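Both backbone and side-chain heavy atoms feed into the values below; hydrogens, waters and symmetry mates do not. Throughout, a chain's letter reflects where its sequence line sits, starting with A, and its residues are numbered from 1. Values in this document were obtained by computation on a predicted structure and should not be read as measured data.
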2 protein chains.
Amino acid sequence: MNALADQKLGAADIAALIRREISKGSLQLHDRLPPERVLSETYGAARGTIRKALTHLEKEGFVETRAGSGTYVVHKPDETSTNAIRNATPLELMDTRFALEPHICRLAVLHGRHADFDRMEDLCNRMEECLDDPVAFSEADTDFHRALAECTRNGLLIWILDQIANVRSEDDWTRMRHLTLDSRTIGIYNVQHRQILNAVRTREPERAANIMKEHLETARLSLTRASET
Amino acid sequence: MNALADQKLGAADIAALIRREISKGSLQLHDRLPPERVLSETYGAARGTIRKALTHLEKEGFVETRAGSGTYVVHKPDETSTNAIRNATPLELMDTRFALEPHICRLAVLHGRHADFDRMEDLCNRMEECLDDPVAFSEADTDFHRALAECTRNGLLIWILDQIANVRSEDDWTRMRHLTLDSRTIGIYNVQHRQILNAVRTREPERAANIMKEHLETARLSLTRASET
DNA sequence: AGGCTCTGGTATATTATTGGTTCAAAATCG
DNA sequence: CGATTTTGAACCAATAATATACCAGAGCCT
């Protein structure tokens, strides 16, 4: 997700990737990492580069390496990214968004300011340039929903939405989600985003909430449609 | 990505964007930023401009740059996100519950089972024995709302509600909350809890949601009433 | 025990990449 | 207009990355 797709990976990048695997729990305590020569292939980097990454991780205490044997994980997974949030299914996530986002619309009407709306306008524009770029659209889409949450001035709500966004970004079904994003679907979303923004701007809480429900319903439909294929 | 059609970005704008990426968590501790030459392309600015932005960020302590290597995040761990939950105000919390719990009622109607309802019934009984014991009541009350969330079978929602419950327990205003809990108020809550349980049992989603809203409204009132004294 | 293979550890010469610097032209803004 | 910022380009020095070869310990099998 870091900016560019297939950029060449440096030692620091690889260290970051592995560090995240460990924090996330995909690599658990005492697991052995693949041999350096294999990692070198999977990450498309020379062995020396992998080596530097591992040395770095060892100094940080994430990993321990035993000559002739392998390198092993020595770190408990990060507490903050708990199982509940990692194992959330797409449907659980949709239900949660159904709970939160319509009400966020209402609160945004109450507490949103002009600067917020201008920012959301920018994001709408950006999304409308992304009809054929699902990845860029997704990014802007996430930002839009976060900007909406920021309107509420409610740190707790924003935090919760961020957690949810993390679920969305780290997942296999992010890929699946991108598949459902043909230019027609993106077009529909764009219209709905505009409508939401307008309703918030004109201070119509229930209308904004209802359009948001509609928006989420659209998203849920394309989700179930995708999982049937 | 998004560069081409965007308006022109100055050094300050770019610094702000990157700062945002760091605060949001997309760029974590020890991550290496893309090379200046790449950033210059993605942000549609000259390298010198990027350079200024980075120099600025370095002075602010967000980033550290090593010649020949790259520029790295030194994560000033973001206070707002980790403490968002601890610093939540009572009103923020009420708004969040207003978003979540009515919809949780609807989902509970969909997915709740007899065993769940029996458990909630027990908790209602327990609460009704607590007319004069605010602390014990609060405990059972928290359990009741969690049991309701468990009906949804949605791990993500349950997790979120648990986080919120943690906010509630750790706070000074827990004490304040106990003050508002005279036996009359507890009595009202008990009636509302019963009504919610019944509506969920008889599978009336909107009725359950509406009573929950009423319930939260009652709680919010006694909260504001308490903070005025 | 002996032999084989897989593992990390080390060394090195070469190439590629990155930040650091400078400068003059162009663009922007008050 | 004048002041400031941005641009684009070139070049430098520091560092990282690659490719290759060889070593030594661990583990497994006969």
Side-chain angles (χ1 to χ4, degrees), chain A residues 2-19 21-22 27-75 122, chain B residues 1-19 21-22 27-75:
Chain A
N2 263 358
L4 299 159
D6 283 322
Q7 203 82 48
K8 234 190 215 163
L9 297 171
D13 303 312
I14 293 170
L17 287 177
I18 297 178
R19 198 185 298 112
E21 291 286 305
I22 295 175
L27 289 172
Q28 298 196 342
L29 194 65
H30 297 132
D31 278 2
R32 190 181 75 173
L33 302 187
E36 294 174 352
R37 288 161 175 96
V38 173
L39 288 176
S40 125
E41 212 171 72
T42 63
Y43 285 112
R47 195 182 150 210
T49 310
I50 301 290
R51 189 139 246 289
K52 263 188 187 167
L54 292 181
T55 311
H56 205 216
L57 284 178
E58 188 170 22
K59 278 179 196 157
E60 294 183 84
F62 280 88
V63 112
E64 170 191 287
T65 141
R66 288 199 287 272
S69 172
T71 83
Y72 300 80
V73 176
V74 192
H75 195 86
D122 287 345
Chain B
M1 188 183 288
N2 47 9
L4 294 178
D6 281 356
Q7 60 186 9
K8 245 213 206 135
L9 298 170
D13 302 309
I14 292 170
L17 286 177
I18 296 178
R19 199 184 298 110
E21 291 287 308
I22 295 175
L27 291 171
Q28 296 186 349
L29 183 64
H30 294 140
D31 279 2
R32 189 181 66 173
L33 303 189
E36 293 176 352
R37 290 163 175 95
V38 173
L39 287 175
S40 111
E41 206 172 84
T42 63
Y43 284 112
R47 199 184 147 206
T49 310
I50 301 291
R51 189 142 248 289
K52 255 187 193 171
L54 291 180
T55 312
H56 201 232
L57 283 178
E58 188 169 23
K59 277 179 196 158
E60 294 183 284
F62 279 90
V63 112
E64 169 191 289
T65 136
R66 290 200 287 272
S69 172
T71 86
Y72 300 79
V73 176
V74 283
H75 202 215

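- Of the residues in residues 46-54 of chain B, those placing a heavy atom less than 4.0 Å from an atom of DNA chain D are B:Ala46, B:Arg47, B:Thr49, B:Lys52, in numerical order.
- Five base pairs at each end of the helix from C:dA1-D:dT30 to C:dG30-D:dC1 define two local axes, and these are offset by 50° (rounded to 10°).
- The salt bridge (charged side-chain N to carboxylate O under 4.0 Å, His left out) search around A:Arg47 returns A:Glu36, not counting sequence neighbours.
- Note: OH (B:Tyr43) to C1' (D:dT5) measures 20 Å, nearest angstrom.
- Among residues two or more places apart in sequence or in another chain, the side-chain hydrogen bond (donor to acceptor under 3.5 Å, both in side chains) test is passed with A:His56 by none.
- Partners of A:Pro35 by side-chain contact (heavy atoms from CB on, under 4.5 Å), not counting sequence neighbours, listed by chain and number: A:Val38.
- A:Thr49 pairs by the side-chain contact (heavy atoms from CB on, under 4.5 Å) definition with A:Ala11, A:Ile14, A:Ala45, A:Ala46, not counting sequence neighbours.
- Atom pair A:His56:NE2 and D:dA16:P shows a separation of 10 Å (rounding to whole Å applied).
- Evaluation of the salt bridge (charged side-chain N to carboxylate O under 4.0 Å, His left out) rule for A:Glu60 yields A:Arg19 as partners, not counting sequence neighbours.
- With sequence neighbours excluded, the residues that form a side-chain hydrogen bond (donor to acceptor under 3.5 Å, both in side chains) with A:Glu64 are A:Arg66.
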Starting at the 5' end of nucleotides 23-30 of chain D, put B wherever the base has a protein heavy atom under 4.0 Å, S where only the sugar-phosphate does, and a dash everywhere else.
--BS----

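- In this view, B:Glu21 and B:Lys24 satisfy the salt bridge (charged side-chain N to carboxylate O under 4.0 Å, His left out) rule, not counting sequence neighbours.
- With sequence neighbours excluded, no residue forms a ring-ring contact (aromatic ring centres under 6.0 Å, His included) with B:Tyr72.
- In this model, the phosphate group of D:dA19 is not approached by any side-chain N or O of A:Ser40 to a distance below 4.0 Å at OP1 or OP2.
- With sequence neighbours left out, A:His75 forms a ring-ring contact (aromatic ring centres under 6.0 Å, His included) with A:Phe62.
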